[in-house]
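Report on the structure given below.
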Amino acid sequence: MAHATLNRRALITGRVLSTERVISPPGCEIASIVVQARPERLDELEAEITAMPGCEIHGRDARGKLIVVTEAPDAGSLGTLLNTIQSLPNVYSAALVFHAIETA
């Protein structure tokens with residue numbers, strides 16, 4: 001790709017971007033996810049979530065809530081993890097409530 005002139009229109013339409021110029025931020029993505037699930041299935045759901053790489057349970061409510069703290073290498077992996085948790089059996093919802101980029 002030839003170097004595009006840097007102007008507002010080229011920037012907005014993405015013509016100044018290429019895969020060669022994308023730089024990943026150092027560090028990793030950290031997030032907190034609130035999971036609402038069937039209360040009678042919390043034990044097995046907790047085991048499934050903690051078996052996933054980078055996931056820990058930091059809170060639990062007898063009414064079916066779990067607080068999951070996770071670490072992922074990038075935003076795409078974090079999104080995949082959130083979708084995976086949402087699609088687990090007995091999960092009603094999983095919501096991202098905190099997200100930050102931890103720098104090296």
Side-chain angles (χ1 to χ4, degrees):
M1 175 177 151
H3 290 286
T5 304
L6 184 58
N7 62 44
R8 184 175 180 272
R9 183 173 305 277
L11 185 64
I12 290 171
T13 60
R15 286 181 282 169
V16 297
L17 299 177
S18 73
T19 56
E20 298 167 1
R21 299 174 81 183
V22 175
I23 300 169
S24 298
C28 64
E29 311 276 329
I30 56 173
S32 182
I33 301 168
V34 174
V35 178
Q36 180 67 52
R38 294 178 60 136
E40 65 275 9
R41 300 291 186 181
L42 276 183
D43 290 333
E44 57 190 75
L45 182 60
E46 187 172 345
E48 286 180 79
I49 291 173
T50 56
M52 295 178 188
C55 289
E56 298 175 5
I57 304 294
H58 278 266
R60 181 180 171 145
D61 180 338
R63 292 176 292 174
K65 287 188 178 138
L66 293 174
I67 305 298
V68 180
V69 176
T70 186
E71 189 174 297
D74 54 50
S77 299
L78 183 60
T80 300
L81 181 64
L82 180 60
N83 288 335
T84 300
I85 291 173
Q86 285 177 332
S87 64
L88 289 173
N90 304 308
V91 170
Y92 296 137
S93 67
L96 183 70
V97 294
F98 174 78
H99 175 243
I101 299 173
E102 187 176 87
T103 57

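Just so we're clear, the structure is a prediction, and the values are computed from it rather than from any experiment.
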- Item | Taking every non-hydrogen atom, the tightest pair across Arg63 and Asp61 | N-OD1, 2.8 Å
- Note on the structure: One should read off an interatomic distance between Ser87 OG and Leu82 CG, to the nearest 0.5 angstrom, of 9.5 Å
- Query: Taking all non-hydrogen atoms of both residues, which atom of Ala72 and which atom of Leu78 are closest, and how far apart?
  - Reply: CB-N, 3.8 Å
- Nearest heavy-atom pair of Pro89 and Glu48: which atoms, and what distance? CD-OE1, 4.4 Å
- Item | Any Asp43 side-chain heavy atom under 4.5 Å of Arg60 side chain | yes
- Task: Begin from the C-alpha positions of Leu81 and Glu71 and carry the test side chain to side chain contact (heavy atoms under 4.5 Å, CB included) through to its verdict.
- Result: CA-CA 10 Å; Leu81 181 64; Glu71 189 174 297; over 6 Å; no
- Evaluate the criterion side chain to side chain contact (heavy atoms under 4.5 Å, CB included) for residue pair Asn90 and Leu45; output intermediate values, then yes/no. CA-CA 8 Å; Asn90 304 308; Leu45 182 60; 5.6 Å; no
- Minimum side-chain heavy-atom gap Met52-Thr70 below 4.5 Å: no
- So if you build clusters from Ile, Leu, Val, Met, Phe, Trp, Tyr with side-chain heavy-atom gaps below 4.5 Å, do Leu96 and Val68 land together? yes
- Message: Under a 3.5 Å threshold, yes or no: a donor from one side chain and an acceptor from the other, between Ser77 and Asp74?
- Response: yes
- Task: Nearest 0.5 Å please: distance from the CD1 atom of Ile33 over to the NE2 atom of His58.
- Result: 12.0 Å
- Query: What is the distance from atom CD of Glu44 to atom CG of Leu88, rounded to the nearest 0.5 Å?
  - Reply: 10.5 Å
- Item | Check: Ile57 and Ile67 side chains under 4.5 Å, non-hydrogen atoms | no
